[in-house]
Amino acid sequence: MFISNQIVREDRRKPQLPFWLIVVLIVYLPLEEFILKLLPLPITVIAAIRSLPELVCYLLFFGLLYQIITRRCPFKITAIEILFVGFFIWAVFLIIISHLFFQASLFGGVSGLRTLVRFLSVYYLLVNLELYDSQIYLILQTMIGMGMLEGLIAMAQFLGGSPVKKIFETTSVKMESLLGKAPIAFVGFEKKGSVFGTFSDASVMALFFLIPAILAVTLVIYWTYIHPKKRYYLLPNWQRIIVLFLIYFGIISSYKRAVMLIALLLPILVIFYLGKPRIAAWLTLLYGTLLLVLFWGIMLFSFNIDQALSNKSIRKEGQEIKTYLIQLFTPEYWNRSIEGSRLFFMKISCGNVLGSGYWYGLSPDEDTTVEQLVKLTNNTRDKVKFKETSLYFKDAYWCAMISFYGVPGTLIYLLILYQLYRHTQAVRQNASGVVEKLLGVSGSILILLYGIYSLAEQLPEARTCSFYFWTIAGLVVNVHNRQKSLKS
């Protein structure tokens, strides 16, 4: 879809088995909930199958370690090892302390830590593999392809309404998997009228779309406006427009305002990181004008999809997208956020933990942390409301992380993201080819948004999103090591 004849395969040998298994997992994980739903198997067997992606990653990593030891090859280290060791030591310390003082579950604490770092093995696997530009490009295109597929499914659900949604609906079940707490398909709060693709709910789908959107926008802008050629185009060709349309349709149909706004800002971020100020100026003007025309068109003509679609449309089941977006700029929306949404969770998590002297954290075990936060909440109304909505308190993730791991643990984790961001910047600035440039730009934007958007969603623990994130991080560090070796 984006491949260029200028990207030539450098290596004629067959790619390694771990590489292909990672590609398979990139395809499988977004479809996992839907595939598990179709299997006529007992719940315990389904739980075992759900744990397979993690087990595969662990086995591949241990296989890599075995080859390194037997062949006496050096293990490629990066800038985050010391930080991760420090984070693990601090987390284990908190697990033990919370068990002694709060009777926290040791298993729950280990399970909470595992959820945060379960795909770290993929990162080290990719760092230590010998990868070539064609393989890296294939991984990026596969992620974009899954975004297109999910966009098609979201469109079918959006236009088809309840009958189509029921085909993809997953069962709301909570259970223990082989490796800890992991809901097979927990259906969270869903905006009325939104769709969810093959995921458990619209929020998870929106988080997934964030990464394919970053990759797609980066590739489209680069090949259309930046890559040196004789002709320059005002708009991308129709194939690339279709790619962007499907991914952006999926984002809009999720009814997640934060992801929608991020998606609108992506072109400007991409152009900024590509380092083309003149192109950035006129493209920002072009896209800004188009967005203003679109916005005022919606406002003035009250674009209502209900009138354009049949009675079976899902739009009959919920509010208009126009109304939903406009709510973001109303005082009522922010009052609701302060009283019962993410701002409320920020106040409960950070306020109680820091205000009560528990700056070092409560416990990596979620149940214990929620129980202690309820005890630390003095306001009776807030206490009752937090009990009712505690299932979602991790949506304000960095504040929830302070509750779990304290200020020291959260700062260490943010330093890990900062080190990865430095790697992406180095790859972008020292890029000698198309793939290195694209990976550096998209990786920089991903880590930047990963840190910012985790204020509003539990991005680090989202299963598919976490796998995609650590995959791209591993690719970035792999290329960075290659650049350093070529220099030396």
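Count residues from 1 along the sequence. All values below come from the heavy atoms of this structure, side chains included, with hydrogens, waters and symmetry mates left out.
Residues P53 and L29 form a side-chain contact, since some pair of their non-hydrogen atoms from C-beta on lies under 4.5 Å apart. Here the side chains of Y453 and L207 are in contact, with some heavy-atom distance below 4.5 Å. A 4.5 Å side-chain heavy-atom check between Y273 and K437 finds every atom pair outside the cut-off. Residues I80 and Y124 meet the side-chain proximity criterion, which asks for heavy atoms closer than 4.5 Å. The shortest distance between side-chain heavy atoms of F196 and S203 does not fall below 4.5 Å. You'll find the side chain of I221 reaches within 4.5 Å of the side chain of P267, heavy atoms only. Proximity of L475 to V479: side-chain heavy atoms (C-beta onward) are nowhere separated by under 4.5 Å. In this structure, the side chains of Y360 and V407 stay at 4.5 Å or more apart for every pair of heavy atoms.
Ring-plane geometry between F404 and F393 is classed as perpendicular, the angle between the planes exceeding 60 degrees on a 0 to 90 degree scale with a lower cut at 30. Ring planes of F158 and F249: perpendicular class, angle over 60° (limits at 30 and 60°). In this pair, W398 and Y413 present their aromatic rings tilted. The plane angle is within the 30 to 60° band. In this pair, H480 and H423 present their aromatic rings tilted. The plane angle is within the 30 to 60° band.
Distance alone, capped at 3.5 Å, is enough to place a donor-acceptor pair between the S51 side chain and the A47 backbone. Under the 3.5 Å distance criterion, the side-chain polar atoms of N478 are left unmatched by any main-chain donor or acceptor of G474. Checked by atom type and distance alone, the side chain of T377 pairs as donor or acceptor with a backbone atom of L373 at under 3.5 Å. Judged purely by atom type and a 3.5 angstrom limit, D395 has no side-chain atom pairing as donor or acceptor with the backbone of A456. With K37 contributing its side chain and E32 its backbone, the two residues share no donor-acceptor pair below 3.5 Å. Without hydrogens or angle criteria, K165 side chain to S194 main chain gives a donor-acceptor distance under 3.5 Å.
Minimum interatomic distance between M346 and A396 (heavy atoms only, all atoms of both residues): CG-CB, 3.7 Å. Scanning both residues, V243 and A216, for their nearest heavy atoms gives CG1-CB, 4.2 Å. Residues E436 and A431 approach most closely at OE1-CA, 3.4 Å, considering heavy atoms. Looking at every heavy atom in both residues, K76 comes nearest to L129 through NZ-O, 4.4 Å. Residues G409 and M401 come closest through the heavy atom pair O-CE, 4.4 Å. For G361 against L94, the heavy-atom pair with the smallest separation is O-CD2, 4.2 Å.
With K347 as the partner, the side chain to side chain donor-acceptor pair (under 3.5 Å) test is satisfied by one option alone out of N379, D382, N352: D382.
Taking CD of Q103 as the start and CD of E371 as the end, the distance is 9.0 Å to the nearest 0.5 Å. Rounding to the nearest 0.5 Å gives a distance of 12.0 Å between CG of L446 and CG of L269. Within the model, atoms OG of S454 and OH of Y397 stand 8.0 Å from one another, a figure rounded to the nearest 0.5 Å. Note that CG of L246 is 11.5 Å distant from CD1 of I251, once rounded to the nearest 0.5 Å. Taken to the nearest 0.5 Å, the CD1 atom of I77 stands 8.0 Å off from the CD1 atom of I82. Considering CG of L21 and CG of L59, their distance stands at 10.0 Å, rounded to 0.5 Å.
No side-chain donor from either of R422 and Q425 sits under 3.5 Å from a side-chain acceptor of the other. For the residue pair D367 and S105, no side-chain donor N or O sits within less than 3.5 Å of a side-chain acceptor on the partner. In this model, a donor atom of one side chain and an acceptor atom of the other lie less than 3.5 Å apart for S363 and S98. No hydrogens or angles considered: a donor-acceptor pair under 3.5 Å links the side chains of S444 and T424. No hydrogens or angles considered: nothing links the side chains of Y123 and T471 as a donor-acceptor pair under 3.5 Å.
Aromatic rings of F87 and Y405 (six-membered ring for Trp) have centroids within the 6.0 Å cut-off, being under it. Aromatic ring centres of F199 and F208 lie closer together than 6.0 Å. Taking the six-membered ring where the residue is Trp, the centroids of F119 and F469 are separated by 6.0 Å or more.
Checked for salt-bridge contact, E461 and R118 miss the test: no charged N lies under 4.0 Å from a carboxylate O. In summary, R463 and E33 do not engage in a salt bridge, as defined by a charged side-chain N under 4.0 Å from a carboxylate O. Ion pairing of E457 with K256 is present here, as a side-chain N (NZ or NE/NH1/NH2) and a carboxylate O approach within less than 4.0 Å.
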**OP:** Check step by step if salt bridge (charged side-chain N to carboxylate O under 4.0 Å, His left out) holds for K394 and E366.
**Re:** CA-CA 9 Å; K394 287 199 295 184; E366 183 177 343; 3.2 Å; yes
Original post:
Should I211 and S442 be marked as a side-chain contact (heavy atoms from CB on, under 4.5 Å) after you check the CA-CA gap, both sets of side-chain angles, and the distance that decides it?
Top reply: CA-CA 9 Å; I211 295 179; S442 57; over 6 Å; no
**OP:** Using the side-chain contact (heavy atoms from CB on, under 4.5 Å) rule, take F84 and I412 through it: C-alpha gap first, then chi angles, then the decisive distance, then the call.
**Re:** CA-CA 8 Å; F84 253 120; I412 293 172; over 6 Å; no
**OP:** Just do the side-chain contact (heavy atoms from CB on, under 4.5 Å) check on F168 and V195 with the steps written out, would you?
**Re:** CA-CA 10 Å; F168 295 92; V195 300; over 6 Å; no
**OP:** Check the pair I416, Y421 against side-chain contact (heavy atoms from CB on, under 4.5 Å), reporting the backbone distance first and the verdict last.
**Re:** CA-CA 9 Å; I416 291 170; Y421 182 78; over 6 Å; no
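Residues satisfying the side chain to side chain contact (heavy atoms under 4.5 Å, CB included) test with V110, not counting sequence neighbours, are I95.
Counted within 6.0 Å of CZ on F88, heavy atoms from surrounding residues, nucleotides or ligands total more than 12; the atom is thus considered enclosed. In K387, the NZ atom is not crowded: 12 or fewer heavy atoms of neighbouring residues, nucleotides or ligands sit closer than 6.0 Å. Within 6.0 Å of OH in Y418 there are 12 or fewer heavy atoms belonging to other residues, nucleotides or ligands.
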Table please: side-chain donor-acceptor pairs of residues 145-154 below 3.5 Å, with sequence neighbours left out.
unit_1 : atom_1 : unit_2 : atom_2 : d
E150   : OE1    : T198   : N      : 3.2
E150   : OE1    : T198   : OG1    : 3.3
E150   : OE2    : T198   : OG1    : 2.5

